[in-house]
Protein chains: 2
Amino acid sequence: MSQNVCPGNMCAECSFRSSIFSKLNNAQLDELTASKTFNFAKKGEIIAKQGGKIKGFIFLRVGLAKLTRVNPDGREQIIGIATPNDFVGLLSIFSSKNYQYNIIAIEDCEYCCVDYDLVMNLISTNGDFAKTLLEKISQVSDLMMGTRLDLELRQLRGRVAFIICYFANEVYKSTTFNLPISRREIAELIDMRVENVVRILSEFRRDNIIKIEGTTIEIVDQEKLRWIKIHG
Amino acid sequence: MSQNVCPGNMCAECSFRSSIFSKLNNAQLDELTASKTFNFAKKGEIIAKQGGKIKGFIFLRVGLAKLTRVNPDGREQIIGIATPNDFVGLLSIFSSKNYQYNIIAIEDCEYCCVDYDLVMNLISTNGDFAKTLLEKISQVSDLMMGTRLDLELRQLRGRVAFIICYFANEVYKSTTFNLPISRREIAELIDMRVENVVRILSEFRRDNIIKIEGTTIEIVDQEKLRWIKIHG
DNA sequence: AATCAAATCTGATAAATATCAACATATATA
DNA sequence: TATATATGTTGATATTTATCAGATTTGATT
């Protein structure tokens with residue numbers, strides 16, 4: 001599903017304007033408006049495919065997407081979750097002609113795709129834009145690396161607590177939220193087995209740390225959850 | 001230990017010229033030559049400190065350095081090894097005023113330090129330079145992330161095999177080499193306990209996969225080691 | 001409504017890893 | 001040289017995690 005018009009249609013008024021495109025002049029913004037496409041992806045739909053040719057820069061406007069890869073053994077691994085206003089696929093876009101990861105919608109998504117050559121041209125001709133882009137890339141990859149490093153030395157309970165806090169604090173900014181991914185996907189995201197994800201979630205519920213109602217999760221004991229996240 | 005002269009003294013003739021600084025013109029190269037400092041760090045010496053103010057861009061010319069961080073629990077973690085011609089500290093330099101990691105020499109090192117403002121200025125004024133830098137950053141962080149992801153889903157034997165292969169193939173390009181880091185550091189690098197590192201190395205020796213003589217390691221059975229690296 | 005497939009869940013057990021203790025060996029320091 | 005201190009090593013044991021098996025629930029499709 002894809003179409004060429006975005007609400008407002010002007011990149012100058014887009015929320016990305018203030019972050020990544022703040023250093024473009026009016027002419028450059030017009031170029032951007034003319035070249036970009038505005039797209040939809042339903043939950044489960046693939047936005048970009050690992051190994052596929054990079055066509056452009058993908059900016060997520062609405063919804064959530066997961067970044068995944070199939071590792072050499074054929075096991076699927078989720079690298080991270082992209083949230084609105086994220087510049088998705090940042091990590092590999094300058095080092096390869098092909099996507100290193102899959103980008104898959106886990107909620108209905110709206111995203112923009114900006115032509116690759118146009119951005120490259122902007123980098124060459126607008127140094128301040130290049131600088132902003134460098135900062136943003138650095139931020140995103142730094143954050144991702146930090147998250148992976150944090151996760152690596154936690155054990156299972158700590159990892160599950162971490163991911164619950166992540167969705168509550170970073171994504172939904174609420175102690176009650178709809179878990180957008182399955183138990184299997186949680187397992188793939190924090191490197192554990194489905195059975196153990198289930199087990200530990202049940203454990204948290206039994207200990208009155210969280211409530212689970214269908215896909216809804218409510219954090220009841222924030223203190224205890226944070227403690228487990230750090231020490232568990 | 002630090003001094004201002006580098007062998008040849010001209011950045012135009014430096015090995016980094018061909019990678020990162022290939023797009024600078026002569027005037028810009030002269031600026032670079034004038035502003036950079038050339039430094040030594042003995043084994044064990046700290047080149048940059050986590051939390052410390054970023055003064056410049058660090059380029060490793062000779063030797064090996066480890067990138068480490070102290071995680072919130074106070075446990076030391078090694079993120080990666082920097083090899084000659086690496087642009088060290090890439091990940092955080094554009095997203096923070098402070099180093100996110102320690103950079104510590106694990107062999108005697110020679111490195112250049114290029115003034116932060118100078119590089120920032122070059123980015124603004126030379127789009128092609130900015131593009132090259134983006135590519136390099138993307139490459140390095142992509143590689144690092146890939147390595148961490150690979151490591152995460154291996155178990156201990158596979159991780160130890162991985163790190164031996166890494167030093168043999170990527171760093172020393174020889175099946176015999178002096179292990180530059182201690183057992184403890186290996187443990188910190190691949191997220192395991194010292195005892196298990198020792199145990200598995202002994203196991204590999206007992207199974208005639210490697211020979212260990214002091215700090216020297218020789219890979220005897222490359223086939224078997226690679227198998228363990230992938231399937232172990 | 002009936003049926004199938006996938007996801008969720010629980011318990012029992014096996015395998016992997018961490019911890020603890022003890023000692024040997026090297027390396028630095030007084 | 002003697003002494004302390006970190007590193008390396010091995011075995012026994014406890015803890016954590018994965019695996020296997022089976023049951024229940026959920027959701028989609030006919």
Side-chain angles (χ1 to χ4, degrees), chain A residues 42-45 66 71 73-78 104 106 151-164 178-207 210-217 228-229 231-232, chain B residues 42-45 66 71 73-78 104 106 151-164 178-207 210-217 228-229 231-232:
Chain A
K42 282 210 179 305
K43 177 173 175 161
E45 216 172 302
K66 62 177 178 180
N71 87 307
D73 310 349
R75 204 167 136 185
E76 183 143 329
Q77 217 174 359
I78 300 182
I104 302 174
I106 56 177
L151 278 173
E152 278 174 22
L153 32 75
R154 287 195 165 84
Q155 40 194 49
L156 302 196
R157 254 159 280 269
R159 287 189 223 158
V160 174
F162 183 96
I163 210 63
I164 296 173
N178 272 326
L179 197 63
I181 56 179
S182 69
R183 307 290 190 264
R184 165 169 310 282
E185 286 171 312
I186 294 179
E188 287 167 354
L189 180 56
I190 57 185
D191 279 307
M192 47 189 286
R193 296 299 169 163
V194 186
E195 294 95 321
N196 289 324
V197 173
V198 171
R199 226 185 292 275
I200 289 168
L201 283 174
S202 302
E203 203 180 299
F204 285 176
R205 181 182 45 198
R206 195 172 47 249
D207 297 345
I210 59 171
K211 274 185 192 160
I212 307 175
E213 296 244 347
T215 61
T216 303
I217 286 191
I228 295 171
K229 174 184 155 184
H231 304 99
Chain B
K42 283 211 178 305
K43 178 175 174 161
E45 217 172 302
K66 63 177 177 179
N71 88 306
D73 310 351
R75 205 168 136 184
E76 183 142 327
Q77 217 175 358
I78 301 181
I104 302 174
I106 56 177
L151 278 172
E152 278 175 22
L153 31 75
R154 287 194 167 84
Q155 42 194 49
L156 302 195
R157 256 158 277 270
R159 289 189 221 160
V160 174
F162 183 96
I163 211 63
I164 296 173
N178 271 326
L179 197 62
I181 56 178
S182 69
R183 307 288 190 263
R184 167 171 307 282
E185 287 172 312
I186 294 179
E188 287 166 355
L189 179 56
I190 57 184
D191 279 307
M192 47 190 286
R193 295 299 168 166
V194 186
E195 295 95 320
N196 289 324
V197 172
V198 170
R199 228 184 290 276
I200 288 167
L201 282 174
S202 303
E203 203 181 296
F204 285 176
R205 181 183 46 200
R206 196 172 46 249
D207 297 346
I210 59 171
K211 274 185 192 158
I212 307 176
E213 297 243 347
T215 62
T216 304
I217 285 190
I228 295 171
K229 173 184 155 185
H231 302 99

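Side chains included, hydrogens not; waters and symmetry mates left out as well; all remaining heavy atoms used. Proteins get letters first, then strands, A, B, ... in listed order; numbering begins at 1 in each.
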Q: Determine: side-chain N/O of A:R193 to OP1/OP2 of D:dT19, distance under 4.0 Å, yes or no.
A: yes
Once you round it to whole Å, what is the distance between [atom2] of [N] and [atom1] of [X]?
X      : N      : atom1 : atom2 : answer
A:I190 : D:dT16 : CD1   : P     : 17 Å
B:K42  : C:dA28 : NZ    : P     : 14 Å
B:M192 : C:dT19 : CE    : C1'   : 14 Å
B:I200 : D:dT10 : CD1   : C1'   : 14 Å
A:D191 : D:dA18 : CG    : C1'   : 13 Å
A:Q155 : C:dT19 : CD    : C1'   : 12 Å
A:R154 : D:dT17 : CZ    : P     : 13 Å
B:L179 : C:dA26 : CG    : P     : 17 Å

State, yes or no, whether a side-chain contact exists between [X] and [Y] at a heavy-atom distance under 4.5 Å.
X      : Y      : answer
A:L201 : A:R183 : yes
B:I186 : B:I163 : yes
A:M192 : A:I200 : yes
B:V198 : B:E195 : no
B:D191 : B:E152 : no
B:K66  : B:I181 : no

Do any N or O atoms of the protein come closer than 3.5 Å to N or O atoms of nucleotides 9-11 of chain C, and which pairs are they?
| from | atom 1 | to | atom 2 | distance (Å) |
| --- | --- | --- | --- | --- |
| C:dC9 | OP2 | A:R183 | NE | 2.9 |
| C:dC9 | OP2 | A:R183 | NH2 | 3.0 |
| C:dT10 | OP2 | A:S202 | OG | 2.5 |
| C:dG11 | N7 | A:R199 | NH1 | 2.9 |
| C:dG11 | O6 | A:R199 | NH2 | 3.3 |

Q: Could you say whether B:E185 or A:N196 is positioned toward the 5' end of DNA chain D, judged by the nucleotide with the nearest heavy atom to each?
A: B:E185
Q: Quick one: closest heavy-atom pair of B:E185 and B:I78, and the distance?
A: O-CD1, 3.4 Å
Q: Output the single nucleotide from D:dT7, C:dT19, D:dT17 whose closest atom is nearest the side chain of B:S182.
A: D:dT7
